Each structure stands twice: as C-alpha cells, then as structure tokens.
Protein chains: 2
Amino acid sequence: MDAELIAAVRRFNRTVTQRVGALDDEYMARGRPLAQARLLWEIGPGGAEVAALRARLGLDSGYLSRLLRTLEGDGLVTVGPADQIGGDGRVRSAALTETGQAEWTELDKRSDEFAWTFLEPLNAHRRQRLVAAMAEVERLLVASMVVIAPCPPSDPRARACVRAYAREVARRFDAGFDPALSNPVHDDALVPPAGVFLLATLNDEPVGCGAVKLHRDAPAEIKRVWVSDAVRGLGLGRRLLGELERYAADRGWNAVRLDTNRNLTEAIALYRAVGYREIEPYNTEHYAHHWFEKSVPDGT
Amino acid sequence: MDAELIAAVRRFNRTVTQRVGALDDEYMARGRPLAQARLLWEIGPGGAEVAALRARLGLDSGYLSRLLRTLEGDGLVTVGPADQIGGDGRVRSAALTETGQAEWTELDKRSDEFAWTFLEPLNAHRRQRLVAAMAEVERLLVASMVVIAPCPPSDPRARACVRAYAREVARRFDAGFDPALSNPVHDDALVPPAGVFLLATLNDEPVGCGAVKLHRDAPAEIKRVWVSDAVRGLGLGRRLLGELERYAADRGWNAVRLDTNRNLTEAIALYRAVGYREIEPYNTEHYAHHWFEKSVPDGT
DNA sequence: CCATATACCTGACCTTAGTCAGGTATATGC
DNA sequence: GCATATACCTGACTAAGGTCAGGTATATGG
C-alpha cells in the first residue's frame, strides 16, 4: 500500500465527497426531509414500480411505504396497481401528480444550478479540465464498484451477458458466429458442483461474466469471459479470470485451460500476461485457433 | 450554461460524491453514531479545544457538549480546562484517553483501508491517473468553495493576509519592501463608509484579500489585492477585483484606479485583461512603476 | 385447492441528529 | 466593582431515519 496515494485519496474523500455530498443533499432537500426528496426524484416523470424504488434506494419495505403515504398525503404522488397487461396484481407503481411533476422539475432545475456553482467561477478552459478530471475519476472508481458474484446461468442478467458475448464474437470472428457450429455449453455444467458462472455487476447492472467447467479427470475449462465496453480497460477481465482460477483451485483442480479465436487479440494478450501458455488443441472447437493452459496454485 | 458540462458534473455528484460519501461515513462510523465518530476523529491524538471542534464540525454548542459527555461516558475522551499558561479559564479542551487513542488509530486504519479499496483493483499506471485526476478535481472545485466577504482590517485573518502580502512583495520587488517608504494605508480608510476590506476564505482559512478606498472627489483606489499560492490560478484575483469594483460602483464612484510594481507581471496582465488601461502617475508611491484606471458601470 | 411465497402495507418502537431556552463560571470594558 | 459578553454546560423537546413484527391480498407449484 502506497501511503502517498492513500493520503491523496483520503484528502479527496474528505474535501470532495463529504463536502460536496452534504451540499448536494441540502440543495435536493429544499426543506423537505431528504428521504422524501430522494424518493420523489427517483419516481421521476415516468413513474416507477415500488419494488424498483426499494432496490434503487435500498430502503426497508415498511419505511418506503410510509414515505409513499406521506408524498401521497402531500398530493405529490399517486400509488396504484402497476397496469401491465396480465401483470402481477401485487405489484404497485408510483407516479407523480401534476404538483409532483412541478416539484420534480424544480428539483431538476436546482440540481443544474448546483452543478453550475462548480463551473461558474472557472473560465472555459478550466471548465473543460474539471469535467474531464471528473470523468476520469468516475471511470477509474468504477473498477472498485464492480461486484463479482456467482449467479445461476439461467438468471436473466446472466443470459443478457451471454447474449452480449455472442453478439460481440459474431462481430469479431472472421466469418461471424453460428452457435450451432460451436461446442455447446449447457447450463447444468455451469452450476455447482459441475462448475460456476460468475456475474460482474455495477450498481446491479450486469457488466461482465465468466464461467468455469470443472471437468472430471481433466483441467478445468474457462468459458465465456466477457466484459462490457462500459468498463473495459479497468482490469475487470483479469479479475474475472483470477476468480475463476481460484474457484477451480479451491476445489482441487491444479490447472485451467481455455480456447480462443485469433481475432480476440487483447484477450490473448491478457492470457499470456497472467501466466497462460499456449498448448496443443485439446478440443475440436470450430472457432478456436489458440489453446491455453495455466497451472493454478492449490487453494489450501 | 452548457448543458453537457452540467450533466457531467451532475453525474459525478451522483456516482462519486453520493456513493463514496455514504460508504466513507459507514467506514467511519463502525457501529458508533456518525457524529460521535467524527468528533472523536477531530479531537485527534493531540487533543483540541472545544471551541475549535465546534467551529470545525459546525455543531451547536449544546449538541457538542452532549456528544463530549457521551464520549467521556464511554471512556474515550477526557475534557478539562485548556492548560495554556495564563489562558482563558472558560476554555476547555478535549483529549483522547488511551482507549480513545486506540479507537482513533483504528479509525485511521479503516480510513486507509477504505481509500485502498479504490486503488487496489487498478494497476500502478491507473492508480497514478486516478490520484492525479482526484487532485485536479479537488483543486478546481476549490474555486467554488472560496467565500468573499467584507471583514474589518483589524481582524486577525485580515492581518495575516496583509502580512503575507507584504512578505510576498518584499520577495518580489527589486529592492525588497520597506513599509516606511510606501504610502501608508490606515485601517480607518478600509472601514465603511470610507472603504472596505474584502477577505477571501476557504473553509474559514484566509486565502486572499483586497481593499478599496473611496476617495472623496476622486476615483476609488484599489489596494492590497493578494491571493494565496494555494489557490492561485483559479480566477480568485479576478473575482476580488470584480467585487471591489462593484463595491465602488454601487456607492456612486464611476472609476477605480491602482498602482503597481513592474515585477508583478501576472497582476499587470490581469489588470489589462479585465479592462484597466495605463494612466499617468496619480500618486508618489515609492514602489510603483505603473498606474491603471478602469471605469466601472453604475451599480443601479 | 392447498401450502407456501411474495409484494406491499400498518402500527409500534427506537436511535440519532439537532434546536432552543436557560444556567454557571470566567473575562472584559468602563 | 458593575454591567455585559463569552465559553461551556444541562434539560426539555422535536423531527427524521430506520427497524421489526405481523397483516392482507395476490401468485405459484404441486
């Protein structure tokens, strides 16, 4: 741990996040309790389902209900059944009344004004620099906010990742990608104890994935490592690979291997960088040009 | 107002300040109420006077007393008379007990760990970039956190600024600076209605100043514009000049003038940039080589 | 159709944060 | 030495944030 870097981050946390965060809250609140203001904001002009609000704001179900009743009492919000056709009759949905819309617009305006207080004292050149630096901080902090956790391959978020993976290889392989020509991977093989599917999420949105199959009497096999464009270049691929290797190692496997297409050059570079070495083909995957193996240290 | 820049700042506020700020609080709190944890932190290994804590944390006097009693009750802090020799007998000072010291060290360690969570997933190169971007954001946000307000020239913070100003010109003038050779400025001339002294503060620390004398039957005269190294290059000098000009204009003066030394090149560049034009000498200031004047629009 | 799960709700309750009106002891200007 | 200000304190009070144990209505798997 580099003490100087840590000190710099701490200074930033103190002066920027604490101070700006507190001011932002004040602007947002406008005399109203902050929790109410935030909720009003999250409901937004388009309305939102109660469950979604609960998840986004991380509130207790009872607490959220009470907040909604208060906003209803103030004539800012109406809560009614979510009117999806044939939808779940228990689900309810909150929408802004006309007064609520006006209030939301006011909040939006004040948020703009608050942001402007940072830009206003600067000249055009420094404004650009500030915004660029903010974007850089934001992007690099994203790396620490990505959560990697096991997930059933049947989960809609997992499916979304695999579809994105397929779309990407279709775009990059020389002759597209036809799943029928490729060795199939069954869900069952990616569910413990046969293997695992890891999902990487950023604020609960899927941004990457990876899977490993624990073959009987053979090295474990890594499949479907994919990282969303939004978070590429932040070391997520490396982290996913590491977690998959550790998963296999912890369960007694001492080597992992994988196949890949020659067009995925950054992936190949990554494999080499983290210690994979090229081996003879161990399967007949139609789209593979390279096969790699890495021995993984015992998990004990 | 540039909508794109504003949107970028708002995104930053949302993802960085809100999220990181909230996490930082959690780390800090460790099960203890946040206000207590913050107070414990602010007391620090060296102890602190109660008044200083009140100012730094912005707490109500009664509330702070109660927090101190709680920490005392938990055996973390002792509060006793501030033992300055011949000091004010009303002033009291808080210090950490041994347990309190241990707790403080733990908070410090956790703060380090929290900062490390941002750095850890990045490689060395990106760590440097993150820290550099954070420093840039911090520096540019400072501009919006500087508060300019009138202040009696006898205020200790005003005196500190004027001393810093004198030190700086002593360093930069060709033959040093001897106040006895320079036209004196009396405090009375910088107190309304004769004139005003403006103090620029950042978190209540003085970081700049400027004064204007409202001469009878003559243009107003700007004196002692100084900006601390810590905030130089953020447009504070320009802001101070603008406020001084407005002060004079609002009171019926339609021109301001000032004298300056040839070595203060950035100041001279600033004067020209904001509309001052060079005039014949209007006084016999020993250290002046240039005299400037600007007409200021009526305040009505 | 029954058992169980889920989505949302209500009521009871608690802690934390913070304000305000005095109170006591010391300092300060005249 | 008196009036007034100041530094810190106590007690009474309030609002906000939040938890928890049920309750009701709808969904779901067998």
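So that the names make sense, note that chain A is the first sequence line, chain B the second, and so on, each numbered from 1. Values in this document were obtained by computation on a predicted structure and should not be read as measured data.
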A/E42/B/R14 salt bridge by N-O under 4.0 Å criterion | yes
Does a side-chain N-to-carboxylate-O contact under 4.0 Å join B/D25 and B/R38?
-> yes
Less than 4.0 Å between a side-chain N and a carboxylate O, is that true for B/E103 and B/R30?
-> yes
Is the backbone of A/I6 close enough, under 3.5 Å, to the side chain of A/R11 for a donor and an acceptor to pair up by distance?
-> no
Here the residues of residues 45-70 of chain A within 4.0 Å heavy-atom distance, strictly under, of DNA chain D are A/D60, A/Y63, A/R66
Bend angle of the helix from C/dC1-D/dG30 to C/dC30-D/dG1, from helix axes over five pairs at each end, nearest 10° | 30°
Short N-O contact, A/E205 and A/R157, less than 4.0 angstrom = no
Side-chain (A/W226) to main-chain (A/C209) donor-acceptor, under 3.5 angstrom = no
NZ or CZ of A/R251 within 45° of A/Y247 ring axis and under 6.0 Å | yes
Do A/L67 and A/L71 come close enough that some side-chain heavy atom pair is under 4.5 Å?
-> no
Going by heavy atoms in the side chains, are B/Q36 and B/L40 under 4.5 Å from each other?
-> no
Grab the CD-C1' distance between A/E72 and C/dC8 for me, whole Å please.
-> 12 Å
Please list, by residue number, the residues of residues 35-44 of chain B whose heavy atoms come closer than 4.0 Å to an atom of DNA chain D; answer none if no residue qualifies.
-> none
Give a yes or no on whether a salt bridge exists between A/E113 and A/R110, defined as a side-chain N under 4.0 angstrom from a carboxylate O.
-> no
Looking only at heavy atoms, which two atoms of A/A158 and A/P152 are closest? And how far apart?
-> CB-O, 3.6 Å
Should the pair B/F114 and B/Y27 be assigned to parallel (<30°), tilted (30 to 60°) or perpendicular (>60°) ring geometry?
-> tilted
Tabulated below should be each protein N or O lying under 3.5 Å from an N or O of nucleotides 25-29 of chain D; please produce it.
unit_1	atom_1	unit_2	atom_2	d
D/dT26	O3'	A/G89	N	3.4
D/dA27	OP1	A/G89	N	2.4

Answer yes when A/D108 and B/R10 have at least one side-chain N-carboxylate O distance shorter than 4.0 Å, and no when they do not.
-> yes
Side-chain atoms of residues 91-100 of chain A: list all donor-acceptor pairs with protein atoms under 3.5 Å, sequence neighbours left out, distances to 0.1 Å.
unit_1	atom_1	unit_2	atom_2	d
A/S93	OG	A/A48	O	3.4
A/T97	OG1	A/G75	O	2.7
A/T97	OG1	A/L76	O	3.2
A/T97	OG1	A/T99	N	3.4
A/T97	OG1	A/G100	N	3.0

Listed in order of residue number, which residues of residues 21-31 of chain A have a non-hydrogen atom at under 4.0 Å from DNA chain C?
-> none
Residue pair B/Q18 / B/N13, side-chain donor-acceptor N/O under 3.5 Å = no
